[in-house]
Trainee: 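There's a structure below that I have some questions on.
Naming: A, B, ... by sequence-line order, numbering from 1 per chain.
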Amino acid sequence: MDLSSRRQLPLFSIGIVQKLTGLTARQIRYYEQHGLIHPARSEGKQRLFSFADVERLMDVRSLLDDGYNMSGVKAKLLGKQPDGAGAAKANDKAAEPSDAELYKWLQEELQAGQTERAMSLFQGDLSRLYRRR
DNA sequence: ATTCTAACA
DNA sequence: TGTTAGAA
């Protein structure tokens with residue numbers, strides 16, 4: 001049983017993780033829906049978080065505290081490469097990806113066969129690109 | 001007592 | 001994001 005394995009062991013209830021990360025249960029479940037974490041489940045369907053999950057959540061907390069919004073955090077955490085322009089930073093509204101950046105990223109994901117991931121991760125942003133009826 | 005999902009006077 | 005209802 002190496003370090004890598006122990007880091008992945010499903011050990012904590014959402015209650016513990018709330019205290020460990022300072023996030024609310026609502027936020028933790030919300031971030032899971034956005035693919036930021038993938039906690040295991042007990043037989044009773046209750047979430048079981050590993051050290052890796054907790055660390056991940058703490059990273060999310062950190063980014064949010066620095067002013068990033070959901071799409072900014074997702075881009076930062078889920079390996080979206082540094083495209084010269086829409087780099088990173090935080091504060092005001094600089095974290096929202098432009099439509100051009102969105103199209104570019106979406107195109108890359110689709111070509112890489114990650115369409116399902118792209119759909120779940122950017123439901124919110126993509127809706128911005130839908131045609132208005 | 002806790003957590004889960006779904007939904008919003 | 002908060003909150004809450006109803007079930008597990």
Side-chain angles (χ1 to χ4, degrees):
Chain A
M1 183 66 80
D2 56 283
L3 190 98
S4 173
S5 297
R6 265 184 287 229
R7 187 180 230 65
Q8 309 296 154
L9 290 176
L11 305 170
F12 320 106
S13 67
I14 196 170
I16 299 298
V17 179
Q18 281 191 74
K19 295 170 182 172
L20 260 34
T21 65
L23 292 167
T24 65
R26 178 78 173 81
Q27 289 177 299
I28 295 170
R29 295 177 182 126
Y30 181 66
Y31 302 149
E32 175 185 23
Q33 288 189 291
H34 283 271
L36 263 27
I37 51 172
H38 310 92
R41 293 290 183 133
S42 68
E43 289 180 43
K45 299 302 181 182
Q46 290 188 216
R47 273 166 272 251
L48 291 178
F49 304 78
S50 66
F51 280 102
D53 293 324
V54 175
E55 292 173 344
R56 180 71 144 190
L57 257 0
M58 292 179 103
D59 289 342
V60 174
R61 212 352 236 301
S62 175
L63 291 174
L64 292 174
D65 288 342
D66 286 338
Y68 283 83
N69 55 30
M70 258 300 98
S71 34
V73 175
K74 284 186 284 187
K76 197 78 176 180
L77 263 38
L78 303 171
K80 236 184 18 178
Q81 278 314 302
D83 63 301
K89 240 327 179 179
N91 246 321
D92 52 79
K93 278 65 182 178
E96 273 107 6
S98 68
D99 284 10
E101 297 174 331
L102 219 52
Y103 278 123
K104 179 174 179 293
W105 184 81
L106 178 57
Q107 177 212 79
E108 296 173 341
E109 288 299 311
L110 295 180
Q111 295 184 337
Q114 304 288 234
T115 110
E116 193 141 41
R117 180 169 75 140
M119 296 196 291
S120 66
L121 297 182
F122 283 84
Q123 280 180 44
D125 293 319
L126 289 177
S127 67
R128 207 170 85 205
L129 306 177
Y130 295 165
R131 278 226 168 282
R132 287 177 305 171
R133 280 278 68 177

Trainee: 5'-most contact on DNA chain C: A:L23 or A:Q46, nearest heavy atom basis?
Mentor: A:L23

Trainee: Ignoring hydrogens and angles, are the base of B:dT3 and the side chain of A:R47 linked by a donor-acceptor pair under 3.5 Å?
Mentor: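 Result: no qualifying N/O pair found.
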
Trainee: Can you check side-chain hydrogen bond (donor to acceptor under 3.5 Å, both in side chains) on A:S62 and A:D65, steps first, answer last?
Mentor: CA-CA 5 Å; A:S62 175; A:D65 288 342; over 6 Å; no

Trainee: Using purine N1 to pyrimidine N3 plus N6-O4 or O6-N4 for Watson-Crick, or N1-O2 and O6-N3 for G-U wobble, both under 3.5 Å, which nucleotide pairs with B:dC8?
Mentor: C:dG2

Trainee: Can we say A:R26 and A:E32 salt-bridge, meaning some charged N sits less than 4.0 Å from an Asp/Glu carboxylate O?
Mentor: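 Looking at A:R26 and A:E32, the cut-off is not met.
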
Trainee: Would you indicate which nucleotide in B:dT3, C:dT1, B:dT5 comes nearest to any side-chain atom of A:Q27?
Mentor: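 Ranking B:dT3, C:dT1, B:dT5 by closest atom to the A:Q27 side chain puts C:dT1 first.
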
Trainee: Please lay out, stage by stage, how A:Q18 and A:Q27 fare under the test side-chain contact (heavy atoms from CB on, under 4.5 Å).
Mentor: CA-CA 9 Å; A:Q18 281 191 74; A:Q27 289 177 299; over 6 Å; no

Trainee: Below 4.0 angstrom from OP1 or OP2 of B:dT3, is there any side-chain N or O of A:S13?
Mentor: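 So the side chain of A:S13 is within the cut-off, an N or O lying under 4.0 Å from OP1 or OP2 of B:dT3.
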
Trainee: From the options C:dT1, B:dT3, C:dG2, select the nucleotide whose nearest atom is closest to the side chain of A:Y31.
Mentor: C:dT1

Trainee: Can you tell me how far CG of A:L9 sits from OG of A:S4, rounded to the nearest 0.5 angstrom?
Mentor: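 It is 10.0 Å, given to the nearest 0.5 Å.
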
Trainee: Round to the nearest Å and state the distance from A:E32 atom CD to B:dC4 atom C1'.
Mentor: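 That distance rounds to 11 Å.
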
Trainee: Is the phosphate of B:dA6, meaning OP1 or OP2, less than 4.0 Å from a side-chain N or O of A:Y30?
Mentor: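 Answer is no, no contact under 4.0 Å.
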
Trainee: Between atom CZ in A:R41 and atom C1' in B:dT5, what is the gap in whole Å?
Mentor: 9 Å

Trainee: State whether A:D2 and A:R6 are salt-bridged, where the test is any N-O pair (Lys NZ or Arg NE/NH1/NH2 against Asp/Glu carboxylate O) under 4.0 Å.
Mentor: no

Trainee: Looking across every strand, which nucleic acid part, if any, lies under 4.0 Å from A:R29 by heavy atom: base, sugar-phosphate, or nothing?
Mentor: base

Trainee: Using the side-chain heavy atoms of A:I14, tell me which of these nucleotides is nearest: B:dT5, C:dG2, B:dT3.
Mentor: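 Side chain of A:I14 sits closest to B:dT3.
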
Trainee: Taking 4.0 Å as the cut-off, does a side-chain nitrogen or oxygen of A:R26 come that near to OP1 or OP2 on B:dC8?
Mentor: no

Trainee: Base, sugar-phosphate alone, or nothing: which one does A:G15 contact when heavy atoms must sit under 4.0 Å apart?
Mentor: sugar-phosphate

Trainee: When the distance from CD1 of A:I28 to P of B:dT5 is rounded to whole Å, what number comes out?
Mentor: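 In whole Å, B:dT5 P and A:I28 CD1 are 13 Å from each other.
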
